[in-house]
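In what follows, a single structure is set out as C-alpha cells and then discussed.
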Amino acid sequence: MKMMTKAETVALDAITELGPLVSKHERTHTSSKFRKIMAYIVGGLTLVFAVLGFVLVVLNGMNWSMGMCPWCAAALGLCITLMGIKDVLGTNDASFAIFERGVAFQNKKGMTLWNWDEITSITVKQVNVVMNGVSRLERLVTLTNPHGAIHEFGNGVHDPDGATATLKRHIYSRVYPTMLEDFKAGKVVTIGTVQLDTRSGVRLGKTMLSWNELKEGVVKNGWLELIPHSGRATANHRKLLGEIPNADLVLDLLEKRLTSNQ
C-alpha cells in the first residue's frame, strides 16, 4: 500500500492561501504506478504460460491438446493484464487537504486550490470500480464548481467519512441560505434534475408529483424515494442519489414543505 509521498505532503503543508489546515486526507490505496507494475507481472506470466503451451505441444509430437491448460491460463492472464492497464490509464490518484477557506487537491497533474465560494455542489454516489480484474462497489464523492470543473475522491483516502462530512458542512452553509430563501419566496428551486415548486410539487426528471399526494421523502439503498399517502412508491417516485447534487438539501426542503401540509 502506498501513502502520499513526502514531496506531496510538503506541498500540501506549505499552502498558506487557504488559511489554517483543518484536515488532511492522503491517498491510502495502491498507486497507479504499483498497479502498472502488477499488470506487467501478470503480462510476463501470461507470456510464460503461452510459451509453455507451445513447448508441451512440440514435446508431445504436436499433440495440441497438451498445451490447452497453459494456454487457458495465458488467455486469462491476458484479460487480467488488459483490465489492469485500462484501470491504470483511468486512474488519477489524488490526495487533498481541507483548510479553513477551501480545499487543495494534489495529484499527478499538479496542485489545485479551490476556495469555498468556488464549490457549488457535492454529490455522493456508489460506483462499480474494477482494479486488476477485481470488481468492488465504492463511494465516489464529486465536488463541482460553477464552470463545471470537478474533483473526485473515493474510499481510497484517509478518513473519507470525515472529509465528506466537513465538505458538506462548508458547502451547504454557503448554498443553502439562498436556496431556502428562494423556496420560501415561492420560486422554483432546481437541484440537479430535481425541481421543487412550493405550489405545484416535486419534479423528478419528467414526472411531476403534487405535494398533496406525498407523505415523506426518504433515502433508501442509494435512492431518494418519495413516499405517497396511498399506494406504493413506483419508479416515478425514485431518483438515484448519485444524480442529485446537494441531495441532503433536497430532503430538507421536502421535509419543510411536507410538514407545512400537516
Side-chain angles (χ1 to χ4, degrees), residues 1-35 88-127 129 138-183 189-192 194 241-253:
M1 306 293 282
K2 180 180 177 181
M3 298 292 288
M4 185 170 66
T5 66
K6 182 178 180 181
E8 290 172 328
T9 303
V10 171
L12 285 174
D13 288 342
I15 294 172
T16 58
E17 299 95 320
L18 298 176
L21 177 67
V22 175
S23 60
K24 190 157 50 181
H25 304 273
E26 301 96 337
R27 66 175 184 262
T28 58
H29 55 67
T30 53
S31 68
S32 56
K33 181 179 179 181
F34 178 81
R35 282 188 282 243
V88 169
L89 293 177
T91 297
N92 190 18
D93 293 338
S95 300
F96 64 96
I98 300 175
F99 295 84
E100 190 175 89
R101 296 199 295 269
V103 188
F105 291 88
Q106 170 73 45
N107 57 33
K108 61 188 178 185
K109 293 182 180 180
M111 181 80 73
T112 304
L113 307 183
W114 277 8
N115 293 315
W116 290 123
D117 291 340
E118 295 180 80
I119 307 174
T120 55
S121 69
I122 178 170
T123 306
V124 182
K125 62 181 176 181
Q126 299 291 325
V127 296
V129 177
E138 181 174 313
R139 171 184 49 188
L140 182 66
V141 181
T142 303
L143 304 180
T144 308
N145 76 359
H147 306 293
I150 66 171
H151 276 298
E152 297 178 322
F153 68 90
N155 290 337
V157 298
H158 172 69
D159 191 17
D161 292 330
T164 303
T166 302
L167 289 166
K168 283 184 175 182
R169 185 170 65 252
H170 281 283
I171 296 168
Y172 290 167
S173 68
R174 283 162 174 77
V175 302
Y176 189 54
T178 301
M179 192 181 296
L180 180 59
E181 184 179 341
D182 289 344
F183 192 65
V189 175
T190 301
I191 306 177
V194 179
L241 286 179
E243 298 177 2
I244 308 173
N246 301 332
D248 301 279
L249 303 186
V250 174
L251 279 171
D252 192 82
L253 293 179

Side-chain donor/acceptor of R101 to backbone N/O of E17, under 3.5 Å: yes

L253 side, atom CG; D182 side, atom CG - distance, nearest 0.5 Å: 10.0 Å

Main-chain N/O of T120 paired with N145 side-chain donor or acceptor, under 3.5 Å: no

Spacing of H25 atom NE2 and T164 atom OG1 [to the nearest 0.5 Å]: 8.5 Å

Residue pair A104 / L18: nearest heavy atoms and the distance that separates them: N-CD1, 4.1 Å

Verdict with supporting geometry, I122 and N246, side chain to side chain contact (heavy atoms under 4.5 Å, CB included): CA-CA 5 Å; I122 178 170; N246 301 332; 3.7 Å; yes

Donor-acceptor contact present, side-chain S173 to main-chain H170, <3.5 Å: yes

W116 side chain vs E100 backbone, donor-acceptor pair below 3.5 Å: yes

From D248 atom CG to Y172 atom OH, the distance as rounded to the nearest 0.5 Å: 3.5 Å

Residues which pass ring-ring contact (aromatic ring centres under 6.0 Å, His included) with F105, listed by chain and number, not counting sequence neighbours: F96, H151

Check: L249 and V189 side chains under 4.5 Å, non-hydrogen atoms: no

Set of salt bridge (Lys or Arg N to Asp or Glu O under 4.0 Å) partners for E181, sequence neighbours left out: none

D159 side-chain N/O to G162 backbone N/O, donor-acceptor pair under 3.5 Å: yes

Interatomic spacing from NZ in K125 to CD1 in I244 - rounded to 0.5 Å: 12.5 Å

Side-chain touch L241/V124, heavy atoms, less than 4.5 angstrom: no

Over all atoms of both residues, closest heavy-atom pair of P160 and G154: CB-O, 3.8 Å

Nearest-0.5 Å distance that lies between atom CD in E152 and atom CG in L140: 4.5 Å

Separation between CG of L113 and CZ of F99, rounded to the nearest 0.5 Å: 8.0 Å

Donor-acceptor contact below 3.5 Å, side chain T123 vs main chain G242: no

Closest non-hydrogen atom pair between K24 and H158, with its separation: O-CD2, 3.6 Å

Student check: side-chain heavy atoms of D252 and F183 closer than 4.5 Å: no

